[in-house]
Amino acid sequence: QVQLVESGGGLVQAGGSLRLSCAASGRTFSSYDVAWFRQAPGKEREFVTSIIWSGGSTLYADSGKGRFTISRDNAKNAVYLQMNSMKPEDTAVYYCAARSLGVVTDPRLYPYWGQGTQVTVSS
């Protein structure tokens with residue numbers, strides 16, 4: 001099993017940056033693919049970005065392309081989400097999730113989740 005804990009959320013002005021971290025427990029974390037999702041009030045949880053177990057391939061939703069960067073450090077059991085040029089519409093609770101059967105964008109297919117971290121972007 002994998003346990004995930006997100007951190008790094010907070011309040012930022014539009015145009016600013018935040019770096020989210022997802023810390024994982026478990027010696028097999030390096031074999032898991034990891035994704036970031038977000039959920040705004042009243043909206044469904046949506047895919048943001050993902051990275052495969054090796055870090056060799058990433059996928060981004062259109063909303064974050066060119067602004068967000070996902071990376072991982074398997075030696076530290078961590079995945080990061082660098083968010084730049086942030087917009088008010090980025091406001092949401094951000095979750096990291098892990099699975100071992102390949103990257104997908106459907107949140108229902110991820111068995112392991114963190115508790116989420118709130119990101120608020122003011123205009």
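Everything numeric in this text was worked out from a predicted model, so none of it was measured.
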To the nearest 0.5 Å, atom CG of N84 lies from atom CZ of R19 at 11.5 Å
Rounded to the nearest 0.5 angstrom, the CZ-OG distance for R67 and S85 is 7.0 Å
Inset, instruction - Assess whether atom CD of Q115 is packed by more than 12 heavy atoms of other residues, nucleotides or ligands within 6.0 Å. - result: yes
Next on the checklist: Could you tell me if R45 sits above the aromatic ring of W113, with its cationic atom closer than 6.0 Å to the ring centre and no more than 45 degrees from the axis?
Outcome noted: yes
Item to complete: Please report the C-alpha distance between K87 and D90 in whole Å, then the side-chain angles of each, then the deciding distance to 0.1 Å, and finally whether the salt bridge (charged side-chain N to carboxylate O under 4.0 Å, His left out) criterion is met.
Response: CA-CA 5 Å; K87 306 174 182 180; D90 294 324; over 6 Å; no
When rounded to the nearest 0.5 Å, the distance separating CD of E6 from SG of C96 is 4.0 Å
I'd like to know whether CD of Q3 has more than 12 heavy-atom contacts from other residues, nucleotides or ligands below 6.0 angstrom. no
Apart from L18 itself, members of its ILVMFWY cluster (side-chain separation under 4.5 Å) are V2, L4, V12, L20, F29, Y32, V34, W36, V48, I51, Y60, F68, I70, V79, L81, M83, M86, Y94, Y112, V119, V121
On a heavy-atom basis, the closest approach of W53 and S30 is CB-O, 3.1 Å
Taken to the nearest 0.5 Å, the spacing of I52 CD1 from S31 OG works out to 12.0 Å
dist E89:CD -> T91:OG1 (nearest 0.5 Å) comes out at 8.5 Å
Can you hop from Y80 to Y110 via hydrophobic side chains spaced under 4.5 Å?
no
Requested in this report: Would you mind reporting whether R99 and P111 have side-chain heavy atoms less than 4.5 Å apart?
Outcome: yes
Aromatic ring centroids of F37 and Y95 under 6.0 Å?
no
Tested for side chain to side chain contact (heavy atoms under 4.5 Å, CB included) against L59, the lone hit among V104, D33, T105, T49 is T105
In terms of heavy-atom contacts, A14 and P88 come closest through CB-CD, 4.1 Å
Distance col, row E44:CD vs R38:CZ, nearest 0.5 angstrom, shows 14.0 Å
